[in-house]
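Down below is the structure, laid out as structure tokens.
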Amino acid sequence: MKAFTYERASSPEQAAQMVARTPNAKFIAGGTNLLDLMKLEIETPTHLVDVNSLGLDRIEATPDGGLRIGGLVRNTDLAADLRIRRDYPVLSHALLAGASGQLRNAATTGGNLLQRTRCPYFYDTNMPCNKRTPGSGCGAIGGVTRQHAVIGHSDACIATNPSDMAVALRVLDAVVETVQGDGKTRTIPIAEFHRLPGGTPNVETVLAASEMITGVVLPKPLGGVQLYRKVRDRASYAFALVSVAAVIRKDGGSRVALGGVAHRPWRVEAADARLADGARATMAELLADARPQPENAFKVTLAERTLAAVLAQARI
Amino acid sequence: MKFETAATVNPIDRMKVIGWPTERIDGPFKATGRASYAYEWHDVVPNQAYGYIVASAIAKGRINRLDVSRAKQAPGVIAVVTAENAGKLGKAQRNTATVLGGPEIEHYHQLIAVVVAETFEQARAAAGLVEVDYTREPGRFDLKAECDSATDPGKITGGKSDTTVGDFDRAYAAAPVTLDATYTTPDQSHMMMEPPSTIAAWDGGSLTVWTSHQMVDWARSDLATTFGMQKEKVRVVSPYVGGGFGAKLFLRADAVAAVLGARAAGRPVKVALPRPLSVNNTVHRPATIQRIRIGAEPGGKITAIAHESWSGDLPDGKADGAVHQTRLLYAGANRMTATRLATLNLPEGNAMRAPGEATGLMALEIAIDEMAEKLGLDPVEFRILNDTQIVPDSPSEASDDDPQAGAPTEGHESPERRFSQRHLVECLRLGAEKFGWNRRNPRPGQSREGDWLIGLGMAAAIRGNHMTKSAARVRLDRRGIVTVETDMTDIGTGSYTIIAQTAAEMMGVLLDKVVVRLGDSAFPVSAGSGGQWGANCSTSGVYAACVKLREAVAQKLGFNALDAVFEDGHVRSGGRSLPLVQAAGDGEIVAEDMVEFGGITEQYEQATFGAQFVEVAVDAYTGETRIRRMLSVCDCGRILNPTAARSQVIGGMTMGVGAALTEELAVDKRFGFFVNHDLAGYEVPVHADIPHQEVIFLGDGDPMSSPMKSKGVAELGICGVAAAVANAIYNATGVRVRDYPLTLDKLLPGLPAIS
Ligand SMILES: Cc1cc2nc3c(=O)[nH]c(=O)nc-3n(C[C@H](O)[C@H](O)[C@H](O)COP(=O)(O)OP(=O)(O)OC[C@H]3O[C@@H](n4cnc5c(N)ncnc54)[C@H](O)[C@@H]3O)c2cc1C
Ligand code: SF4
């Protein structure tokens with residue numbers, strides 16, 4: 001770990017200003033991802049701006065019937081919120097499928113959206129990795145790739161986004177709200193928030209370096225049966241091999257997104273319309289361009305079968 | 001004390017303290033944080049500095065340049081030690097690779113430098129400033145690819161590398177029912193909670209290390225060899241060990257780095273291995289490829305059995321003993337086993353959780369299940385049919401120099417070698433009854449509950465009962481307190497408690513009158529903890545010392561030691577009874593002795609046996625396997641403490657589940673390292689993976705095993721479990737997987753079609 005300085009902000013704009021004016025600065029929220037990465041010298045910020053006590057820990061109703069989730073709401077609190085459990089159960093289920101109780105107590109909405117990949121080559125600083133050290137090559141391609149992406153990846157990077165929460169947010173069409181150092185705010189639809197790796201896998205989102213997430217807005221409830229199914233090698237405390245977030249509505253308007261298969265939560269709107277025709281038809285659209293590695297080709301089959309399980313469950 | 005003939009009635013048989021489910025006497029210390037683990041001896045020596053390890057970034061090759069100048073100038077740095085300035089180091093007998101690498105690199109994450117600084121953070125930051133320029137050399141990292149060049153290692157733990165009895169080839173060719181299958185087990189990591197850690201302090205030419213080690217005396221002699229000093233000048237303190245599973249049998253980088261760092265810094269230094277280093281820097285269980293062939297008569301009698309195994313290690317390394325149990329477990333007149341060792345440049349392989357049997361049974365006990373199915377026999381009945389009270393491989397093992405060895409054994413010369421005790425059939429029958437084995441549908445893929453495919457599986461278990469000498473000292477003081485001192489370790493197993501129970505039973509006092517002090521090389525040398533020999537051997541050593549103490553007490557009190565009864569804090573003989581404490585009235589009485597095994601313990605094959613039963617549910621859509629129930633029936637001598645023994649066995653069963661379902665060090669065959677080198681990537685079972693576990697001990701004492709009549713317990717718990725899970729998965733799904741771990745991707749192709 002590199003030595004770093006630390007300060008606490010008193011407002012979101014001020015936090016963004018602090019990060020903007022100090023070279024190599026970062027926000028720190030729950031610290032459950034950032035501190036691990038700093039200990040391993042994968043992230044080497046020299047200044048941390050603590051955003052924990054800015055009053056962004058509330059969940060409020062929006063005028064058009066949705067909810068605004070503060071950027072610092074803890075994953076545990078979000079999953080337990082009665083409105084979330086009643087109106088957006090897919091989000092609650094997704095959160096509870098992630099990490100462990102202790103981690104969720106500390107992890108925040110903003111931090112969760114920005115958590116970094118679990119690619120083991122990214123985690124080993126002796127290995128080449130374009131995401132960690134741009135231009136050094138991708139250590140994973142040709143190596144151990146069981147966990148990696150099957151779609152949307154590039155020759156530069158085949159990592160997946162490990163967040164469960166983000167998959168649910170994607171199926172719900174959430175909107176991310178941010179503020180920058182000059183006080184400017186903007187909203188970013190979740191569909192546009194995470195980038196595919198392309199030639200710059202180190203750039204993972206559309207955020208500017210000093211842009212702070214202040215909240216996430218959920219549109220008004222979709223109803224339907226909402227399910228999150230996470231498949232992994234052990235029963236708990238593991239990242240998804242494949243996950244399925246689905247909102248199934250009898251009257252049409254069903255939706256599905258996948259986790260564990262790409263550099264961002266994977267949703268193809270055209271596939272939603274095929275849900276009524278079953279898992280195979282849906283996957284034909286959703287994973288049409290899949291290009292798995294030899295070790296993870298099973299993910300394509302697994303995704304289809306997992307969706308079939310979800311659809312069967314939704315029918316009961 | 002020599003233990004050479006079967007034990008007769010002795011004070012332990014009273015079982016007033018022994019055999020009771022006594023709670024851990026060290027429990028309150030651990031629960032309140034007063035039990036110091038290796039890194040936590042903050043006060044034993046002042047002025048401790050912190051060492052941080054720099055490990056090799058390549059698997060094989062050379063260091064061209066190692067520049068420590070920036071690290072040396074970093075804040076707080078006191079010293080940086082590399083192979084260049086470490087001085088000459090010896091290589092400990094039990095190490096395969098050199099612990100301190102450079103300029104030659106033997107494996108990934110090999111120790112190449114230690115940076116010592118005032119604080120941990122400073123040491124770690126400075127370690128990041130060490131600059132190394134390497135030349136990579138091509139290495140061998142793929143066991144399968146190296147099998148053809150593998151050679152005969154000559155021996156494996158527990159015997160020769162190859163054995164033959166009868167004529168396997170002929171009998172196999174003639175057998176009406178045969179199986180020929182190959183199984184693979186992956187590299188695995190111990191992943192004990194406490195990382196290898198050491199505090200080292202020099203005092204002139206004497207060295208003290210507070211470390212985390214299973215075998216205090218091995219650590220002592222390995223340190224002496226490495227640093228070229230007399231063993232007497234080394235003191236090793238390791239009273240609490242946070243798990244080992246075989247990883248802490250050997251001298252590792254934490255200890256070497258701490259000692260080097262302390263010498264260079266001129267003050268005490270502490271070093272712990274960060275989690276990623278505990279995979280590629282230490283030892284691991286090597287992967288195996290195992291071929292098993294079995295021939296049988298239609299009625300189910302095995303006529304031919306062969307087990308061949310390939311594993312790899314660094315040059316001059318060790319082979320995994322996967323074939324060993326196949327020499328012992330089932331009858332059959334014609335047999336052969338063979339072991340081949342390939343050279344690999346992966347980190348060093350060595351003992352882990354029942355080395356040999358754990359991997360061997362993963363293969364053998366699937367093969368037996370497959371064979372039972374071919375024969376149309378119930379797997380339990382097939383095993384019972386081929387049970388034997390005579391060691392099947394005894395002729396060739398017993399007649400080492402006999403040119404006739406391996407010839408058909410019809411007749412006379414080779415005396416039959418028997419097991420000291422073997423209740424495998426009882427384990428199988430009792431387990432089948434208790435588990436409801438008769439509810440198993442012999443046709444796979446038939447039982448379904450909703451989306452879950454349900455299956456039952458079982459396996460037999462065998463694990464050697466090893467005996468090694470063990471010494472202890474016992475003191476009786478003026479307050480009537482009995483203090484036991486031995487360098488035995490407690491690696492989470494319960495040694496403190498069973499040793500206290502042994503002393504209490506022998507001296508006729510309650511546990512509150514017993515103090516146990518362990519894990520210090522200042523105490524008599526014990527068997528240590530490993531190979532499930534610790535409990536039986538160390539308590540026998542304490543027994544021996546207590547016999548001596550009883551003699552001294554009796555003499556002091558004017559009793560005849562032979563008929564004196566030690567009970568309720570008193571010593572009785574004839575019509576007289578005196579308080580035990582009176583013997584120490586004019587000063588502490590100290591007795592020391594060592595148990596040594598021979599005679600009967602060598603004439604008979606010593607082993608523990610068990611039966612493992614498992615029920616699984618496999619998700620018909622996704623192939624996720626969830627264990628529903630587990631039962632282990634164990635035949636492992638007298639149980640000294642049922643709570644501690646059960647805890648050991650359920651731990652073993654849990655590790656068996658890990659081996660079956662998730663545990664695999666993923667090898668990068670280009671860079672030559674284990675990629676998933678942390679607890680996120682290397683998945684051991686979590687609570688949610690483990691259901692209710694039941695353990696039944698047959699509980700018979702084995703008088704041929706020791707005066708305690710006890711045997712090894714812990715490692716039996718893992719043996720056979722992974723195969724039982726694999727067999728249950730087969731029963732649930734009809735998918736036979738022969739490559740561990742049985743992850744869902746291997747099941748998917750055979751699962752029911754989805755609509
Ligand atoms: C052992 C383990 C297991 C896990 N398992 C899972 C799992 O199964 N599923 C899953 O989804 N997740 C899992 N996680 C990840 C966990 O969800 C994330 O670590 C957590 O959500 C990150 O939130 P945080 O608040 O701690 O972020 P931090 O670590 O504080 O920050 C993460 C990143 O976000 C940035 N950041 C934080 N807040 C803001 C903000 N408001 N605006 C702008 N930037 C910000 C930081 O600068 C940093 O780059 C696991 C983590 C661990 C350690
Ligand atoms: S997949 Fe991406 S994160 Fe992993 S090594 Fe390649 S570039 Fe790095």
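Since the structure is predicted, the reported quantities are computational estimates derived from the model, not experimental observations. For the numbers below, each heavy atom of this structure counts, side chains included, while hydrogens, waters and symmetry mates do not. Letters go in sequence order (proteins before strands), and every chain restarts at 1.
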Go through A:Gln147, A:Glu304, A:Met127 and name the one with the most non-hydrogen pairs under 4.5 angstrom from chain B. A:Met127
Restricting to side chain to side chain donor-acceptor pair (under 3.5 Å), what partner residues turn up for B:Thr119, sequence neighbours left out? B:Gln122
Are the side chains of A:Asn126 and B:His109 in contact, using a 4.5 Å heavy-atom criterion? yes
B:Leu744 side chain near A:Leu241 side chain, heavy-atom distance below 4.5 Å: yes
Toward chain B, the part of A:Lys299 with a non-hydrogen atom under 4.5 Å: neither
Check: A:Arg305 side chain, B:Tyr621 main-chain N or O, donor-acceptor pair, under 3.5 Å: yes
Hey, could you give me the OG1/CD distance between A:Thr306 and B:Glu624, rounded to the nearest 0.5 Å? 7.0 Å
Could you work out, with salt bridge (charged side-chain N to carboxylate O under 4.0 Å, His left out) as the rule, every residue matching B:Asp142, not counting sequence neighbours? none
Per-residue contact mode, B:Val684 against chain A (heavy atom under 4.5 angstrom): both
Applying a strict 4.5 Å limit to non-hydrogen atoms, the region of B:Thr662 in contact with chain A is side chain
Under a 4.5 Å heavy-atom cut-off, does chain B meet the side chain of A:Gln313, its backbone, both or neither? neither
Where on B:Asp668 is there a heavy atom nearer than 4.5 Å to chain A: the side chain, the backbone, both, or neither? both
Report which part of B:Ile58 has an atom under 4.5 Å of a heavy atom belonging to chain A: side chain, backbone, both, or neither. neither
Part of B:Ala620 within contact of chain A (heavy atom distance under 4.5 Å): backbone
Part of B:Ile690 within contact of chain A (heavy atom distance under 4.5 Å): neither
Parallel, tilted or perpendicular: which fits the ring planes of B:Phe671 and A:Tyr121, with parallel below 30° and perpendicular above 60°? tilted
Check: A:Val144 and B:Asn676 side chains under 4.5 Å, non-hydrogen atoms: no
Cut-off 4.5 Å, heavy atoms of chain B, and the answer for A:Leu311 is neither
Toward chain A, the part of B:Thr625 with a non-hydrogen atom under 4.5 Å: neither
